[in-house]
**Q** 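I'd like to ask some things about the structure below.
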Amino acid sequence: MILEKKGLRAAADELHTTQPNLTVQARQFQENAEVRLFRRTSGNHIRVTDTGVAFAVIAKHLLEARDEAIDAIRSISRGEITAIRCGCSSLVDPNLFRALCSLHQELLPSAPVQPTHGDVPQFAEEICTGQVDVALITLPLKHPDLHIEVIRRERLVVCCRMDSPLAARSALHVSDLQDHLRVFYSPHRHPDAHKRLIEMLGSAGVEVREYSRASHPSEMQALVREGFGVALVREGTVLEGQLTTRPIMGVDWTLDTALIYHKQRHPKTVPVLARKFKRQFGEGLLKMSQNALSNASLTAPSHKSRQPQPEDEKPVQLRLLN
């Protein structure tokens, strides 16, 4: 990669400094850190090293974090944040939501947290109208005015009765869902997620016919316990009595949790909260590319083209198929 002097001028403008000052700072950084960010070549050109390329990306994130921290401190100093209104949709891990509320209380003890529960479409609207500041929701969700930060992705597993023939197996095949998967989260509570789930099942050869509907995860478990069929739930869900879960071999279906807030109108502590929260509680994202994270949701590979996984093998997360 070759950068001429105009490249340094552009970088200097972005960092609100002068080109000579930037050159001096870069040289000093190289000496102090004992690294090589760039090399001079013939023709008065500058060749950026691999270290320099990586440094540019890392520095950008550091500058963003610095700006967010300064904005938050200024807002707190001015007394602009008197409370924080946090939302949580039904399928989100309740422990994760409690952690979010606690983290903001730790960040700003003087501002009480006002928790609220609801549906994903509801929170998307209420954040845009200013009724809610930040929310934990399950994807998919697309909205031009919202910042959507994927926090965690967890495998979908089959919830069944302990005395069910399916529970006698350590793991299930997708074909085992046919005629047994008859309990679903109500389509009206999260229409996009239901549509994606039906498409995902159909692509794996599972035809969904008549089914029972539940408006809350606890109701889904009640329907399974009462013998109305099995359901797909988030791995790690706390189960009521008489119920158990089994993984599904050969697929990588996940339920993805994201933090959402308005891109422009939000309490200045929210971006700082989101950064800290993702670093502390984010799971299952290390293998994901940035492109995959931008629209992550219920995910599934091509079932027919894959061999069943060993039962003890962890799933590999794939990008959302639109």
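Heavy-atom basis, side chains included; hydrogens, waters and symmetry copies ignored. Quick caveat, the model's predicted, so the values are computed rather than measured.
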**Q** Could you list all the salt bridge (charged side-chain N to carboxylate O under 4.0 Å, His left out) pairs where at least one residue sits in residues 121-137, not counting sequence neighbours?
**A** R85-D133

**Q** So, using salt bridge (Lys or Arg N to Asp or Glu O under 4.0 Å) as the criterion, who are the partners of E219 when residues are at least two apart?
**A** none

**Q** Is it the case that the side chains of S175 and H173 hold a donor-acceptor pair, with the cut-off being a distance below 3.5 Å and no angle test?
**A** no

**Q** Hey, are the side chains of V158 and L177 touching, using non-hydrogen atoms and a 4.5 Å cut-off?
**A** yes

**Q** With a 4.5 Å cut-off on side-chain heavy-atom distances among I, L, V, M, F, W and Y, is there a chain of contacts connecting I148 to V272?
**A** no

**Q** So, S215 and Y185: side-chain donor and acceptor under 3.5 Å apart, yes or no?
**A** no

**Q** What is the minimum heavy-atom distance between C128 and H143, and which atoms define it?
**A** SG-CE1, 3.3 Å

**Q** Of all residues at least two apart in sequence or in a different chain, which pass the ring pair (Phe, Tyr, Trp, His ring centres under 6.0 Å) check with F228?
**A** none

**Q** Which heavy-atom pair separates V150 from K278 by the least distance, and what is that distance?
**A** O-CE, 3.3 Å

**Q** In terms of the angle between their ring planes, are H194 and Y211 parallel, tilted or perpendicular, with boundaries placed at 30° and 60°?
**A** tilted

**Q** Under the side-chain hydrogen bond (donor to acceptor under 3.5 Å, both in side chains) rule, what pairs show up with a residue in residues 69-78, not counting sequence neighbours?
**A** S75-E80

**Q** Does a side-chain heavy-atom distance below 4.5 Å link I260 with E149?
**A** no

**Q** Between L156 and I248, does the side chain to side chain contact (heavy atoms under 4.5 Å, CB included) criterion hold? Intermediate values first, please.
**A** CA-CA 8 Å; L156 284 175; I248 310 170; 5.7 Å; no

**Q** Sort and list the pairs that fulfil side-chain hydrogen bond (donor to acceptor under 3.5 Å, both in side chains) and have at least one residue in residues 233-243, not counting sequence neighbours.
**A** R155-E235, R225-E240

**Q** Are L139 and L255 packed together at the side-chain level, in the sense that at least one heavy-atom pair is separated by less than 4.5 angstrom?
**A** no

**Q** Using atom types as modelled, flag every donor-acceptor pair under 3.5 Å from a side chain in residues 112-120 to any protein atom, sequence neighbours excluded.
**A**
from, atom 1, to, atom 2, distance (Å)
D119, OD1, R189, NE, 2.6
D119, OD1, R189, NH2, 2.7
D119, OD2, R189, NE, 2.9

**Q** Under 4.5 Å between side-chain heavy atoms, chaining through other members, with only Ile, Leu, Val, Met, Phe, Trp and Tyr counted: pull out the rest of the cluster around V157, sorted by chain and number.
**A** V233

**Q** Please walk me through it: do Q280 and L103 pass side chain to side chain contact (heavy atoms under 4.5 Å, CB included)?
**A** CA-CA 10 Å; Q280 191 167 339; L103 199 59; 3.8 Å; yes

**Q** Please give the remaining members of the hydrophobic cluster of L108, linking ILVMFWY side chains under 4.5 Å, ordered by chain and number.
**A** I76, I81

**Q** Please answer: with hydrophobic residues joined when any side-chain heavy atoms are less than 4.5 Å apart, are M200 and V208 in the same cluster?
**A** yes

**Q** Test of understanding: with side-chain hydrogen bond (donor to acceptor under 3.5 Å, both in side chains), list the residues that count as partners of T269, not counting sequence neighbours.
**A** H104

**Q** Verify side chain to side chain contact (heavy atoms under 4.5 Å, CB included) between K276 and E106, making sure each step is shown before the conclusion.
**A** CA-CA 11 Å; K276 185 174 179 60; E106 176 186 329; 4.2 Å; yes

**Q** According to side-chain hydrogen bond (donor to acceptor under 3.5 Å, both in side chains), who are the partners of R213, at least two apart in sequence or on a separate chain?
**A** none

**Q** Please test E68 against R275 for salt bridge (charged side-chain N to carboxylate O under 4.0 Å, His left out), starting from the C-alpha separation and ending with a verdict.
**A** CA-CA 10 Å; E68 290 170 356; R275 228 176 245 280; 2.8 Å; yes

**Q** With sequence neighbours left out, write down each residue that passes ring pair (Phe, Tyr, Trp, His ring centres under 6.0 Å) with H266, or none if nothing qualifies.
**A** Y261

**Q** What pair of heavy atoms forms the shortest contact from M220 to F184, and how long is it?
**A** CE-C, 4.2 Å

**Q** Using salt bridge (Lys or Arg N to Asp or Glu O under 4.0 Å) as the criterion, point out the one residue from R196, R152, R153 that pairs with D256.
**A** R153

**Q** Could you point out which residue of I137, V134, V132, D145 forms a side chain to side chain contact (heavy atoms under 4.5 Å, CB included) with I127?
**A** V132

**Q** Got W253 and V174 here, is their nearest side-chain heavy-atom distance under 4.5 Å?
**A** yes

**Q** Check the surroundings of atom NZ in K263: do more than 12 heavy atoms from other residues, nucleotides or ligands lie under 6.0 Å from it?
**A** yes

**Q** Apply side chain to side chain contact (heavy atoms under 4.5 Å, CB included) to L239 and C159, showing your working.
**A** CA-CA 9 Å; L239 299 177; C159 176; 4.1 Å; yes

**Q** Between P247 and S170, what is the shortest heavy-atom contact and its length?
**A** CD-O, 3.4 Å

**Q** For the pair H190 (side chain) and T138 (backbone), establish whether a donor and an acceptor sit closer than 3.5 Å, ignoring hydrogens and angles.
**A** yes

**Q** Test of understanding: with side-chain contact (heavy atoms from CB on, under 4.5 Å), list the residues that count as partners of L100, not counting sequence neighbours.
**A** F97, L136, L259, L273, F277

**Q** Write down the atom of N95, the atom of D93, and the distance for their closest heavy-atom approach.
**A** N-OD1, 3.0 Å

**Q** What are the two closest heavy atoms between C160 and V224, and how far apart are they?
**A** CA-CG1, 3.8 Å

**Q** Taking the basic N atoms (NZ, or NE/NH1/NH2) and the acidic carboxylate oxygens, is any pair closer than 4.0 Å for D192 and K142?
**A** no

**Q** For R246 and D176: C-alpha separation, side-chain torsions, deciding distance, then whether salt bridge (charged side-chain N to carboxylate O under 4.0 Å, His left out) applies.
**A** CA-CA 11 Å; R246 293 293 181 268; D176 294 324; over 6 Å; no

**Q** Give a yes or no answer on whether the side chain of H180 reaches the backbone of Q178 with a donor-acceptor pair at less than 3.5 Å.
**A** yes

